[in-house]
Amino acid sequence: MPLNADRGYSNMDDGGGYNGTRYLEKQEATRGSRRKWIITGSIIALVVIIGVGVGVGVAVSKNHSSKSTSGAAASSNSNSPVQQTNPNDPSTFVLDPNLKHSFYGLAYTPEGSQLPECGNNISAVIQDIQLMSQLTSRIRLYGADCNQSSLVLDAIAQTKVDMQVYLAIYNIPTDSTPYTRQKGEIQTAIETFGTNNIAGVTVGNEFILDYLTAAGQNDPNSAVGNQGAALLIPNITDTRQMIASMNLNKTIPVGTSDAGSYFNTEVMEAIDYGMANVHPWFANVSIDQAAGWTADFFQDTNIAGAAAVPNNPQMYIAETGWPTQSSDAGNANNGASAASVPNLQIFLDTFVCQANQNGTGYFFFEYFDEPWKDVQFGGVEGWWGLFNSDRTLKNLTIPDCHID
Ligand SMILES: *[C@@H]1O[C@H](CO)[C@@H](O)[C@H](O)[C@H]1NC(C)=O
Ligand SMILES: *[C@@H]1O[C@H](CO)[C@@H](O)[C@H](O)[C@H]1NC(C)=O
Ligand SMILES: *[C@@H]1O[C@H](CO)[C@@H](O)[C@H](O)[C@H]1NC(C)=O
Ligand SMILES: *[C@@H]1O[C@H](CO)[C@@H](O)[C@H](O)[C@H]1NC(C)=O
Ligand SMILES: *[C@@H]1O[C@H](CO)[C@@H](O)[C@H](O)[C@H]1NC(C)=O
Ligand SMILES: *[C@@H]1O[C@H](CO)[C@@H](O)[C@H](O)[C@H]1NC(C)=O
Ligand SMILES: *[C@@H]1O[C@H](CO)[C@@H](O)[C@H](O)[C@H]1NC(C)=O
């Protein structure tokens with residue numbers, strides 16, 4: 001799954017020298033008894049946070065009912081991070097003044113969307129959409145397994161929020177089954193919920209990065225890179241054909257997502273849009289340079305790369321952000337700056353409104369912490385959220401610069 005990689009700065013001119021394979025080996029080596037201690041610590045922290053959440057929830061619902069003249073019942077679930085004035089109507093959620101609609105987009109995977117366990121559900125996705133719609137009008141998914149496309153579109157319908165979604169198919173080079181399965185999930189979601197809230201379908205997540213890394217290479221336009229492209233492009237073309245065959249009343253663009261320095265030229269020529277991961281953290285950039293580095297990298301590598309092909313695909317930053325902690329000491333900093341909440345705050349303060357001003361399309365990475373990634377990959381992988389995994393906001397001040 002998304003080793004959100006981030007990786008892949010090793011072939012950069014400014015000498016990132018980052019090696020994804022080495023990183024993985026290091027991750028494996030550091031896994032062990034330390035993790036148990038960390039998990040115990042997290043449980044204690046979680047209990048404290050839940051305590052705070054209950055206090056805040058009660059305050060909000062009291063506040064609401066004192067103002068309410070309609071007699072609508074406040075949500076009975078007072079320790080929920082989102083309150084509804086009508087518990088049966090998800091569109092009646094109470095806005096959180098700490099959340100500002102300042103993000104172009106957010107990266108999102110509903111909790112419990114990995115096979116074989118799955119375990120996601122509509123009430124949790126509704127809550128996520130209620131929170132995210134207070135920050136942005138665009139989200140991107142990474143895959144379609146476990147019914148996540150339909151759940152997200154259903155949650156948007158039930159909350160009645162203004163939200164466009166980039167659905168996604170997480171295909172792999174070695175097996176056609178995941179592609180076929182997820183294509184079917186997306187077709188079902190379009191048939192059931194229509195196209196009004198679908199902005200695109202992204203085929204591939206770090207497909208070329210993974211293909212090259214497996215071959216011990218890093219040049220997306222090498223012969224091996226073109227072999228990878230020859231496996232990815234038929235899936236992109238097939239998705240476009242599937243959409244065309246549905247005779248929809250709207251054109252849905254089809255794109256791909258990859259690490260910023262892993263866009264193959266033939267893939268570029270086959271997409272309507274590209275989403276590029278641009279991660280100052282994994283390029284060992286210091287926090288004070290991070291926002292400017294991200295803007296420069298995206299411009300020089302991805303915007304320039306798109307402009308060099310005839311179809312000039314629309315480019316977005318698929319992921320950028322800053323982790324707030326590491327589960328092992330070895331990844332507590334990137335050599336230049338620490339994984340920390342204050343550093344995420346600096347990145348928010350120096351990137352978000354500036355990128356909006358510059359007209360950059362980006363998906364901030366990410367909505368909430370993902371414990372499954374911490375279990376699977378360790379290090380900083382599980383700790384990139386604006387929200388904690390329990391949907392409480394981290395100790396952050398969201399920048400205030402409205403973007404539609
Ligand atoms: C829904 O999923 C959330 C996790 O996102 C979980 O905490 C909750 O227990 C689930 N609810 C049901 C009813 O399964
Ligand atoms: C998928 O989600 C949709 C929307 O909530 C729901 O109507 C449908 O029953 C779900 N399908 C499965 C197989 O769970
Ligand atoms: C396309 O169809 C949807 C129903 O799926 C409808 O809501 C929408 O208004 C239609 N759009 C146009 C441009 O006709
Ligand atoms: C999708 O890609 C996989 C892996 O590259 C390939 O095996 C399969 O044939 C492709 N399917 C289609 C319909 O393009
Ligand atoms: C990036 O920082 C990590 C952690 O300090 C270090 O192990 C790695 O060698 C650094 N990589 C480069 C290219 O500086
Ligand atoms: C915005 O544009 C300015 C001027 O080109 C640039 O210096 C800055 O790095 C950009 N910042 C972001 C976050 O896009
Ligand atoms: C929250 O962050 C602020 C700085 O922005 C700091 O002064 C404060 O101590 C932090 N609070 C907690 C509970 O960590």
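Since we're looking at a predicted model, the values are computed, not measured. Indexing begins at 1, ligand by ligand and atom by atom, following the structure's order.
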Review point. Applying the ring pair (Phe, Tyr, Trp, His ring centres under 6.0 Å) test to Y362, which of F347, Y316, F298, F351 qualifies?
Key: F351
Review point. If you count the non-hydrogen atoms of other residues, nucleotides and ligands that lie under 6.0 Å from CG in D404, is the total more than 12?
Key: no
Practice item. Determine the interplanar angle of the Y211 and F207 rings, folded into 0 to 90°, and report it as parallel if under 30°, tilted if 30 to 60°, perpendicular if over 60°. Key: parallel
Exercise for review: Classify the ring geometry between F364 and F103 as parallel (under 30°), tilted (30 to 60°) or perpendicular (over 60°).
Suggested key: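 Answer is perpendicular, since the angle exceeds 60°.
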Write out the residue and atom name of the closest protein heavy atom to [atom], then the distance separating them to 0.1 Å.
{"atom": "atom 6 (C) of ligand 1", "result": "N121 ND2, 4.2 Å"}
{"atom": "atom 5 (O) of ligand 1", "result": "E111 OE1, 3.0 Å"}
{"atom": "atom 9 (O) of ligand 6", "result": "A295 CB, 3.7 Å"}
{"atom": "atom 11 (N) of ligand 7", "result": "N395 ND2, 2.7 Å"}

Practice item. Between R391 and ligand 1, find which residue part has any heavy-atom pair under 4.0 Å and reply side chain, backbone, both or neither. Key: side chain
Check your understanding: Which of the atoms of ligand 6 are close to F351, meaning less than 4.0 Å from one of its heavy atoms?
Key -> 13 (C)
Point to revise | R138 to Y166, cation-pi by 6.0 Å centre distance and 45° axis angle | key: no
Exercise for review: Indicate whether atom 14 (O) of ligand 7 is within a distance of less than 4.0 angstrom of some protein heavy atom.
Suggested key: yes
Check your understanding: Based purely on interatomic distance, does N358 place a nitrogen or oxygen under 3.5 Å from a nitrogen or oxygen of ligand 6?
Key ->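 N/O-N/O distance under 3.5 Å: yes.
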Check your understanding: Which atoms of ligand 1 sit under 4.0 Å from any heavy atom of A124?
Key -> 1 (C), 2 (O), 3 (C), 5 (O)
Practice item. Identify whether the distance between the nearest side-chain nitrogen and carboxylate oxygen of R391 and E111 falls below 4.0 Å. Key: yes
Review point. So, do L95 and Q134 sit near enough that their side-chain heavy atoms are less than 4.5 Å apart?
Key: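 The answer is yes, as the side chains (C-beta and beyond) meet within the 4.5 Å cut-off.
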